[in-house]
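Remember, predicted model here, so these are calculated numbers, not experimental data.
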Protein chains: 2
Amino acid sequence: MPRGQCGGQGWWHGKFRGCGYRMTLGREAILDVLSKAEGHLSAEDIYIKIHSRYPNVGLTTIYRTLDVLSDVGMVYKLDFGDGRARYEFAEGPKGVHHHHHLVCTECHKIIDYTDFIDDEVELLNQTEKGLGQKYKFKITNHLIQFYGVCQECSDKK
Amino acid sequence: MPRGQCGGQGWWHGKFRGCGYRMTLGREAILDVLSKAEGHLSAEDIYIKIHSRYPNVGLTTIYRTLDVLSDVGMVYKLDFGDGRARYEFAEGPKGVHHHHHLVCTECHKIIDYTDFIDDEVELLNQTEKGLGQKYKFKITNHLIQFYGVCQECSDKK
DNA sequence: CTATTATTGGAAATCATTTCCATTATTAGG
DNA sequence: CCTAATAATGGAAATGATTTCCAATAATAG
């Protein structure tokens with residue numbers, strides 16, 4: 001059965017299997033944490049959250065699983081500039097609200113915002129289409145982040 | 001003299017000094033390479049380019065300088081997902097054309113595009129203003145990247 | 001139930017980036 | 001032009017996130 005690419009039916013367990021991957025306890029645990037977290041977790045964050053209940057899921061497995069999830073598109077891998085990758089659940093069965101990020105370059109606080117998102121997304125879709133055609137790219141994803149200094153960090157000066 | 005923040009007059013040498021930094025051979029070399037490169041160079045790329053002419057500029061200095069340049073806003077630090085940071089000259093005296101990036105997730109090829117940029121930038125400016133007010137952020141910068149698979153990588157399958 | 005093969009965990013390896021620190025170079029001010 | 005003050009340097013060593021290795025284990029198809 002072909003792997004790595006995924007048609008995309010069913011959900012989660014099903015989707016996973018449908019992509020030719022096996023479903024294991026560790027993967028289940030990771031998906032569970034990610035889907036509930038609503039946040040931006042590092043591999044280690046996940047490891048810690050999982051470890052109490054699943055002491056025998058190793059960090060290596062977490063990295064591997066995150067890679068897989070990222071390839072399949074169930075998880076976004078993000079870089080906020082603090083030297084470790086963050087992972088965020090891409091979309092639930094009902095479609096999680098799309099959002100973008102506001103990153104404080106001082107304290108690395110992250111704000112998810114959904115304001116203005118509609119216009120942004122519409123423009124992005126157009127651009128995506130245009131770019132895809134012009135450069136013969138199959139565009140699968142986009143990233144928008146704003147950088148700046150949050151109020152607290154501004155005040156500290 | 002205060003440092004880290006910069007009023008922004010003069011250019012390059014002047015700007016550097018104006019920010020309270022000293023101008024050194026190494027920094028000059030790095031700026032020189034970056035300003036001419038038009039590309040996305042890693043610290044090591046820069047090291048290699050510089051090393052023949054300035055054999056005594058070390059990697060450490062390059063990292064340090066890039067940090068400074070990044071803080072001052074003369075250089076953008078970028079992450080294309082291949083595990084090393086890339087640096088790109090922010091703007092020349094006449095203002096370099098603004099562009100965004102199209103990243104192939106397979107081979108990590110980067111395409112700079114300027115198409116559609118105008119609409120994007122306009123929207124971004126509005127969003128920036130709105131976000132800045134709502135979240136009390138001093139927004140200094142933004143990042144837009146599209147991810148996908150380039151034609152060659154598509155063909156390989 | 002069994003054979004096949006994906007997955008695992010843990011230790012060790014990688015590799016980009018930082019830290020340390022004694023040495024050197026730049027700059028302001030006389 | 002000199003000199004003191006201190007920013008900047010380079011190279012080695014440390015750091016820390018992520019990968020690689022590999023023998024052991026678990027999930028799946030039939």
Checklist entry - What integer distance in Å separates B/Leu25:CG from C/dA25:C1'? => result 10 Å
Item to check | Side-chain N,O (A/Thr24) to OP1/OP2 (C/dT8) below 4.0 Å | outcome: yes
Checklist entry - Mind checking whether A/Phe89 and A/Tyr47 sit in one hydrophobic cluster, side chains of I, L, V, M, F, W, Y counted as touching below 4.5 Å? => result yes
Checklist entry - Roughly how far apart are B/Phe137 CZ and A/Leu102 CG, rounded to 0.5 Å? => result 4.0 Å
Checklist entry - Expressed in angstrom and rounded to an integer, what is the separation of B/Ile46 atom CD1 from C/dT17 atom P? => result 11 Å
Checklist entry - CG of B/Asp71 versus C1' of D/dA8: gap in Å, rounded? => result 16 Å
Next on the checklist: Tell me whether the side-chain N/O atoms of B/Arg22 come closer than 4.0 Å to OP1 or OP2 in C/dA25.
Outcome noted: no
Checklist entry - To the nearest angstrom, how far is B/Glu28 atom CD from D/dT9 atom C1'? => result 16 Å
Checklist entry - Do A/Asp71 and A/Tyr21 have side-chain atoms, one donor and one acceptor, less than 3.5 Å apart? => result no
Next on the checklist: Within the 3.5 Å criterion, strictly below it, is a donor on A/Ser42 or A/Asp45 matched to an acceptor on the partner's side chain?
Outcome noted: yes
Item to check | Under 3.5 Å side-chain donor-acceptor pair for B/Asp112 and B/His101 | outcome: yes
Next on the checklist: Just N and O in the side chain of A/Arg27: are any of them under 4.0 Å from OP1 or OP2 of C/dA6?
Outcome noted: no
Item to check | Rounded distance (Å) that lies between atom P of C/dC15 and atom CG of B/Asp82 | outcome: 13 Å
Checklist entry - What string of B, S and - do you get for nucleotides 15-23 of chain D, 5' to 3', if B is base contact, S is sugar-phosphate-only contact and - is no contact with any protein heavy atom under 4.0 Å? => result --SSBBB--
Checklist entry - Using a distance-only test with no angle check, is there a side-chain donor-acceptor pair under 3.5 angstrom linking B/Glu88 and B/His99? => result yes
Run the side-chain donor-acceptor check on residues 72-86 of chain B: report pairs under 3.5 Å with partners two or more places apart or on a different chain.
from: B/Asp79; atom 1: OD1; to: B/Gly81; atom 2: N; distance (Å): 3.3
from: B/Asp82; atom 1: OD2; to: B/Arg86; atom 2: NH2; distance (Å): 2.6

Checklist outcome for this item: Atom CG of B/Leu41 and atom P of C/dA16 are separated, to the nearest Å, by 15 Å
Item to check | Rounded distance in Å - CG (B/Asp79) to P (C/dA16) | outcome: 14 Å
Next on the checklist: Output the rounded distance in Å from CE (B/Met23) to P (D/dT6).
Outcome noted: 21 Å
